[in-house]
Amino acid sequence: MEIPKSYNPKEAEATHYQTWEANNCFAPEINENPNAKPFSIVIPPPNVTGSLHIGHALQHTLMDVLTRWKRMLGYRTLFLVGVDHAGISTQLMVTRQLKKDEHKMPPDIGREAFVEKVWAWKNRYGDTITNQIRREGLSVDWSRERFTMDESLSKAVREVFVRLYEEGWIYRGKRIVNWCPKDKTVLSDLEVKEETKKDGKLFYLNYPVKDSDVKLTVATTRPETMLGDAAVAVNPDDERYRDLIGKTIELPLTGREIPIIADEYVDTNFGTGAVKITPAHDPNDYEIGLRHDLPQISVMNQDATMNAEAGAEFEGLERYKAREKVVEKFEELGLLEKIDDYEMVLPVCERCKTVVEPFLSEQWFVKMSEMRDLALDLMRTEESPHFYPRVPHEKVYTVWLENLKDWTISRQLWWGHQIPAWYDEAGNIYVARTKEAAMEQAKTAKLMQDADVLDTWFSSALWAFSTLGWDGETTETEDLKLFYPTDVLVTGRDIIFLWVSRMVMSGLKFTGEKPFKDVIIHGTVLDKNGQRMSKTKGNGVDPLDVFDKYGVDATRITLAGSSTGVDFAWRDEKVESFRNFANKIWNATRFCLMNSEGAKVDAASLTNAESLNDRWIISRLNKTTFALNKALATYQFHEAVQILYHFFWDDFCDWYIELVKDEITSDTVNTKRDAARTRILTILEQALRLLHPFMPFLTEELWQKLPEVSSKLHNDAYQNAPQTIMLADFPTGDAALTDERAESEMQIVIELISKVRNIRAEMNIKPGDKPAIHVAANIDLQKIFQSNEAQILKLARAEKLQIAESLDVPKASAKAVLTGGAEIALPLEGLIDFAKEGERLKNQFEKLNVEGERLNGQLSNRSFVEKAPEEKVSDLRARIAEINLQKRALEQNLDALL
RNA sequence: AGUCAGUUAGCUCAGUGGUAGAGCACUACCUUGACACGGUAGGGGUCAACAGUUCAAAUCUGUUACUGACUACCA
């Protein structure tokens, strides 16, 4: 078989995914075991407008590793995929295109036509993200793909809305909300981000007190809102203003008179200690307004221009123009005290970055107190969901819930789930599942549906069960029974509040069960300088570029191997090293295949091993298998990757292949050679299975090349499926095959070879020169060295191995001491540099000496001997004995040199 | 302002009480029939500082410094 010298990911990535998908390998139905335990994950639905970024690649890899692992273990696995309609971002994107292509705005074409355009857009571009998911190799079940605006999911949304309304948990009301003047919609608290403005100003305005010469100075960052002032507030304990409480202000520019009131809210140390109160344009002022029964004077329109209430002079002015004009007027009136520079933090719209205006408006809200308690009770009673890592997320989640405010769910958009509420001509509200039902309630057909749609996260909150068939009417399906609650949710920190908490609350409320058992919160991928990636900085890493450059598998295992729950800096060098790892796997397999005549994959070859190196590698393989399964079971992805990397590269390639190379490449055809070839092939095949969840393409490509692989190697649940490594039985380890004795015996052989190599390097022995190795050792060690003579000679590049009870070598020899007191010597007449050899031995002696002194110090500490566990003390004694033994030998060697 | 996290080899990061680890980078040697995307042998860290608990601290506690994240407020 002709195999290229290096792995080309493109070929493997081009074919296998299609085969897997075409053979329905991803669907749970591939599992033929009726008693198989279920395992399910739902993907956090990416935005339909979106394209893959490196954070997705990380999150998706972790989910796919778990899914492939469980599938190979024989679980009935469902990895459910789908996309989110992403209300605001999609609407913005289509609006932008409409503007560009037709120079029109949505109102120009009307709601119906606009929504049609969004659907067309979705159908045209919506598969960008899903094709990218295929590229990543995700083993998701495409037959169950969902979209948040599918009819069934939309029905679930209406159902939930109606039920919550009927219970009084959804209400409509006039509140101060976060208003985006550009998108002209309300935003929830979580959709508002902060932006620091360094060149902000704090304006000090003088308000004349009626019937006096006194002026009260108030400070504000938004002078234009003074047009809507309803009062000035001071702290009741503030001596400076005590006399003024109850008096009246003649509010400049408006001709209105407003009271001076006392309220504890006012901080006497900030600004002037007197605060202008604008109930319609500030959330705190709104609260104060309610307490003091102040009028709510709204002076702005929805686009943040001033309205008629602001007065004729200001009406129609944009908010910042109005600000300038107000300041000008105050200056003209001699009422502008001063302007200070002031660094401030502004709330901005998460999507369009426009400064959000606190705005008095009528909206729909979900009352969170009861919903919140459901989630808090779950945490209290079951400590669920279990966060990985638990610190800090469990606490952050809990504290957030405890302080949760009501959720604004209406959005002034057209793209999304339209609110199932209707109004009659008198303005009465009818909330119902359908228009017909609403008409029945209203006893009239003259109804107008609420124009608003629901927050995108309202439908996302139902994702874990609406995708499995729950629509309010149907509440039990096969999928729900099998796959709900899901096993684990994998997601980023930023949506714990937006999504995780809301899924928990709605899951508990509507299914009576939590939506998932575990929540894995992965870290953020930062750029190579440790900075957050962002479009404006242009420092993002495009996973598709990385795939092209290094291959999908290398990228996947890099991401998994970096994942410990904390943020990490992206480095191309890391992927490069895993690209090299992929190549190493490729070439190890290439070696086995080049010598595979007469061999096949045969599990029996793992149980009938006799030689030390075979028993050793089989023991290593089993320990690796145990450790890997354990690491995955606790979501320790970094650990899992380390385990695999170390086993494959160090144990299998650097030692095992080299140890058995001669035997395997022998020209002599015999059963011994066949057995050795079968064994290495079998071990390799097991290793490929262990690697498969991380590196699906490479392992499939290689596995299919192995002689006589078939679906017989599949897990029992997949015996009839077309042969693929993704359905192979995942090794779980066999305790009978771990062999501590083989491992420690091999360790001493490795030590011997390494020490000889060290001497060779230090003494500059040419690779072609083959010295003799003299070994002095006890009977047990003699046997071990004797039976591994061929391997020792080959790997140490030596001529012969002279084993005796004591050393008898010429003075011109380089020596070393092994664990257990064995000694080695290489006669190097004419090659040895005595000064260098003396230096080398002294260095080793010194190292041992330092360690010995430290340990002796510890041992002479009486309290250590008394209080430390016996085992630790005896370990220490043994180590000291070992050190003394080696030191004595080194001393003798040094003496012999002089 | 509050809460939390981090500070370990030149770089990126593992490591939760018992002799400091990996990858990359670095040095020397090596085209040894799987692989130079390779092999062999090396060098390199008083685990941020200080104090405490302990027979024993990178690991537990406290304080400080720096970095970062989140939450709230900001007239």
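All values below come from the heavy atoms of this structure, side chains included, with hydrogens, waters and symmetry mates left out. The shown structure was predicted, so the numbers you read here are calculated from the model rather than taken from an experiment. Per chain, numbering begins at 1; letters A, B, ... match sequence-line order.
Atom CE of residue A:Met763 and atom CG of residue A:Asn758 lie 9.0 Å apart, to the nearest 0.5 angstrom.
Residues A:Gln886 and A:Glu882 bring a donor and an acceptor atom of their side chains to less than 3.5 Å of each other. Between the side chains of A:Ser188 and A:Glu191, at least one donor N or O sits under 3.5 Å from an acceptor N or O. Defined by atom type and a distance below 3.5 Å, a donor-acceptor pair is present between the side-chain atoms of A:Thr225 and A:Lys276. With no hydrogens or angles considered, a side-chain donor-acceptor pair links A:Arg493 and A:Thr524 at under 3.5 Å.
The salt bridge (Lys or Arg N to Asp or Glu O under 4.0 Å) analysis of residues 647-657 of chain A, with sequence neighbours excluded, yields the pairs A:Arg620-A:Asp651. Within the structure, the salt bridge (Lys or Arg N to Asp or Glu O under 4.0 Å) test picks out the following pairs touching residues 389-404 of chain A (sequence neighbours left out): A:Glu383-A:Arg390, A:Arg390-A:Glu394.
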Worked check of side-chain contact (heavy atoms from CB on, under 4.5 Å) between A:Leu58 and A:Phe568: CA-CA 11 Å; A:Leu58 166 63; A:Phe568 61 94; 4.1 Å; yes

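A:Lys661 comes within contact range of at least one nucleobase, with a heavy-atom separation under 4.0 Å. Using a 4.0 Å heavy-atom cutoff across all strands shown, A:Tyr265 reaches sugar-phosphate atoms only and no base atom. A:Arg797 comes within 4.0 angstrom of a nucleotide base, judged by non-hydrogen atoms across all strands. The residue A:Leu876 sits apart from the nucleic acid: no heavy atom pair falls under 4.0 Å. Heavy atoms of A:Thr221 sit under 4.0 angstrom from primed sugar atoms or phosphate atoms, though from no base atom.
Using cut-offs of 30° and 60° on the angle between ring planes, the pair A:Phe648 and A:Phe652 is tilted. Under the 30°/60° scheme for interplanar angles, the aromatic rings of A:Phe330 and A:Tyr207 are found to be tilted.
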How would nucleotides 36-48 of chain B be written as a contact map, 5' to 3', with B for base contact, S for sugar-phosphate-only contact and - for no contact, using protein heavy atoms under 4.0 Å? -BSSSSSS-----

In 5'-to-3' order, the base (B), backbone-only (S) or no-contact (-) status of each nucleotide in nucleotides 13-19 of chain B, using a 4.0 angstrom heavy-atom cut-off, is SS---BB

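Closest contact between the side chain of A:Phe497 and the listed nucleotides B:C70, B:C24, B:A34 involves B:C70. Closest to the side chain of A:Arg532, from the set B:C4, B:C70, B:C11, is B:C70.
Taking A:Asp527 as the reference, A:Asn539 meet the side-chain hydrogen bond (donor to acceptor under 3.5 Å, both in side chains) condition, with sequence neighbours excluded.
Stems are defined here as 3 or more consecutive Watson-Crick or G-U wobble pairs with pairing distances under 3.5 Å; those involving RNA chain B are B:1-7 with B:65-71, B:10-13 with B:21-24, B:26-30 with B:38-42, B:48-52 with B:60-64.
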